[in-house]
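Have a look at the structure below before the remarks.
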Amino acid sequence: MTCAACLLFVTVGCTSKAQRAGEEAVQAYFSGDPAKAVQQLKPLAQKTDENFVLNNARLGSAALIQYDLDQAENAFLRAYEVLNSFGVNSGGRSLGAVLVDEKIRVWRGEPFERAMLNFYLGLVYYMRHDYGNARGAFENALFKLRDYADNADRKKDDYSEVESNFALGAIMLGKCWQRLGRDDLARAAFERVTKMRSSLAPLADYDRNQNSNLLLVVDFGYGPKKVTDFDGAISGFAPKPQEEGMIPPPHVTVDGQAVDVAGMNQPPVDLLALAQDKRWQSIDTIRTIKSVIGTGLIYGGAYEGLRHHGDDGTALALIAAGVLLKATSQADVRQWEMLPRTVFLLPLQVPPGRHDVTVDFPNAPGLTQTWRGLDVPPQGEATYYFRMQRWNSGPFDWPPPAVAQLQAQQ
Amino acid sequence: MNADKTEVSLTLNYLRLSAFICGSLLFMVGCTSAVESGHNTALDAVDLQQMTDDMAAKIVADPQVQAAIAKEGRLPVVVQPVENRMVAEVLPRGPAQAFTARVRVLLSKHAPDRFLWVMNRDAFYELRNREVDIDLGPPPERVQPRYALTSIFSSLTKEDPKRRSAYYLCEYQLTDLGSGNLLWTGSYEVKKIAVRQFLD
């Protein structure tokens with residue numbers, strides 16, 4: 001028992017320094033300093049420990065804000081490879097997660113986090129006009145949501161219901177097919193979106209997307225937070241969408257003129273809603289049973305100690321065993337904190353040239369971001385990423401340092 | 001009585017020692033890398049080697065290619081990266097270049113008198129900028145390629161909550177850039193399945 005306690009202590013001690021560094025990076029990201037976040041996450045993302053995927057996802061998010069697409073691609077790719085693998089936690093990590101501490105296992109996220117990682121990887125490729133790889137990543141994003149399907153849908157091999165909650169991926173898939181010259185598949189993808197969610201019909205309009213030469217990808221709000229019950233054994237996600245209220249529609253101005261985004265300003269995903277569909281895993285059952293037995297042992301020990309002729313040694317042993325079981329039944333609450341609540345896709349058609357673009361949310365005062373001199377091509381589509389944050393309103397000048405450096409090299 | 005106590009004490013010590021050894025082993029095994037244990041359905045280094053070995057051998061042995069060499073001498077060939085048409089699979093720029101570049105390397109080594117390799121313009125300047133220590137051949141502007149070695153990777157990929165499976169068809173083509181005719185085509189097929197495990 002002592003050894004197990006020591007083991008627990010060692011495990012916790014081992015990870016705390018790296019965890020602290022990760023948390024500091026997340027704080028830097030939220031306080032509007034993605035450069036600092038990138039610097040702090042870079043060494044962590046190279047460590048192939050239990051937080052490898054998580055730190056690479058975090059690094060990708062921070063690098064994407066800075067338009068450091070190489071860094072973002074590499075980080076998301078490293079995470080993508082592990083997420084596409086099975087048996088990552090086989091052997092010792094599984095046993096360790098069950099017996100000692102769930103955080104020993106390599107973090108792979110919930111299905112919605114896996115889908116979003118593939119979405120951002122696809123977005124990086126889409127921004128680079130690498131539509132073949134973007135398509136592959138968006139398709140994979142839709143695959144990752146299949147874990148949410150119920151048994152009836154699994155038997156029928158019909159995942160349209162779970163995919164309807166992630167129209168974001170389906171729309172981007174249609175756009176990729178369009179850019180790859182596969183009009184048949186593009187139309188099919190857009191029609192599927194419209195069929196799944198009719199409110200997204202204007203956004204999934206074939207011609208609108210075909211004529212768009214400026215795509216704004218706007219991350220709004222914050223994703224779900226992993227929370228536990230009173231004794232830390234059962235986890236879930238909060239807040240619920242109804243607690244947080246409706247997602248406000250975005251407002252766009254180009255060179256000071258308001259752009260009509262009516263119909264396109266519908267959120268194609270709500271991660272708060274998606275996260276409520278938490279997948280129950282075997283380890284959740286194991287953890288809950290451990291917690292219940294632990295509670296039973298503590299009560300049993302207390303009863304033995306309070307009994308008139310009770311054995312104090314037995315009582316202490318029971319309580320200690322119970323405490324140990326409770327201590328090792330804490331839920332893993334690691335999560336990808338940078339995720340937004342939703343991602344707006346705004347395909348616009350504006351005159352080619354340089355434009356000042358502002359995205360704001362009239363129903364969320366103070367939430368605005370301006371980019372000056374965004375380059376819009378006569379042919380094709382330029383894609384720009386806006387991460388809406390209180391401390392990140394700009395105005396920013398295009399090109400940002402990472403893009404300017406790349407352009408200088410070319 | 002004392003003998004019983006000693007026996008109990010010994011048993012307890014054994015138990016503690018076993019728990020410590022098991023715990024230590026568990027901890028050591030538990031700390032293995034996040035990229036060591038997993039397996040997936042992606043094309044890997046073994047496929048790269050088998051596929052490119054096979055393609056290089058088939059190109060050289062092809063009667064039409066041999067006839068073209070006999071007629072024209074060394075064939076000036078430009079190499080393009082793989083075009084990704086795989087379902088739900090990403091093929092980054094590096095591997096996309098490696099799958100055709102290795103064919104070029106093999107043929108440069110084993111049939112240097114039959115092909116004159118012209119690097120793809122982007123790849124050439126990228127490698128030159130990186131100052132890698134390999135023979136890049138002549139700059140793309142100096143030699144006008146007559147043939148292109150291209151490759152298209154397609155797949156049928158399925159994923160459900162229990163497994164992921166992918167059937168790959170990797171096609172290689174040597175195309176006459178002037179006429180657009182296919183001089184040679186070859187393919188490599190492989191099927192891969194990865195089954196979900198506990199905690200996946």
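Below, chain A is the first sequence line, B the second, and so on; all start at residue 1. Side-chain atoms are counted along with the backbone in the values below, which use heavy atoms only and exclude waters and symmetry mates. Just so it is clear, the model here is predicted, and its values are computed rather than measured.
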(request) Find out whether B:R164 and A:F143 are in side-chain contact, i.e. whether some heavy atom of one side chain is under 4.5 Å from a heavy atom of the other. (result) yes

(request) Against chain B, label A:Y131 side chain, backbone, both or neither, depending on which of its atoms sit under 4.5 Å from a heavy atom there. (result) neither

(request) Give a yes or no on this: more than 12 heavy atoms of other residues, nucleotides or ligands lie within 6.0 Å of atom NZ of B:K192. (result) yes

(message) If I measure from the heavy atoms of chain A, does B:A194 come under 4.5 Å with its side chain, its backbone, both, or neither?
(response) both

(request) Would you mind checking which part of B:T157 comes under 4.5 Å of any heavy atom in chain A, side chain (CB onward), backbone (N, CA, C, O), both or neither? (result) both

(request) Verify, without hydrogens or angle tests, whether B:H39 (side chain) and A:G87 (backbone) share a donor-acceptor contact under 3.5 angstrom. (result) no

(request) Examine whether an atom of A:E81 lies under 4.5 Å from a heavy atom of chain B, and if so say whether it belongs to the side chain, the backbone or both; otherwise answer neither. (result) backbone

(message) Below 4.5 Å, heavy-atom pairs only: which of B:N40, B:V87, B:V90 has the largest tally toward chain A?
(response) B:V90

(message) Does any part of the side chain of B:E89, heavy atoms only, come nearer than 4.5 Å to the side chain of A:E139, both counted from C-beta?
(response) no

(message) Using side-chain heavy atoms (C-beta onward) and a distance below 4.5 Å, is A:N140 in contact with B:E159?
(response) yes

(request) Examine whether an atom of A:R78 lies under 4.5 Å from a heavy atom of chain B, and if so say whether it belongs to the side chain, the backbone or both; otherwise answer neither. (result) neither

(request) Would you check, one step at a time, whether the test side chain to side chain contact (heavy atoms under 4.5 Å, CB included) holds for B:L91 with A:N133? (result) CA-CA 6 Å; B:L91 190 67; A:N133 277 324; 4.0 Å; yes

(message) How about CD on B:E72, more than 12 heavy atoms from neighbouring residues, nucleotides or ligands closer than 6.0 Å, or not?
(response) yes

(request) Look up atom CD in A:E50 and atom OG in B:S33, then write down how far apart they are to the nearest 0.5 Å. (result) 11.0 Å

(request) To the nearest 0.5 Å, tell me how far B:Q197 CD sits from A:F86 CZ. (result) 9.5 Å

(message) Please classify the contact between A:L142 and chain B as side chain, backbone, both or neither, with a heavy-atom cut-off of under 4.5 Å.
(response) neither

(message) Given 3.5 Å as the limit, does a donor-acceptor pair link the side chain of A:Y125 with the main chain of B:P92, or not?
(response) no

(request) Apply side chain to side chain contact (heavy atoms under 4.5 Å, CB included) to the pair B:N84 and A:R135, showing each step before the final yes or no. (result) CA-CA 9 Å; B:N84 175 14; A:R135 173 200 51 75; 3.7 Å; yes

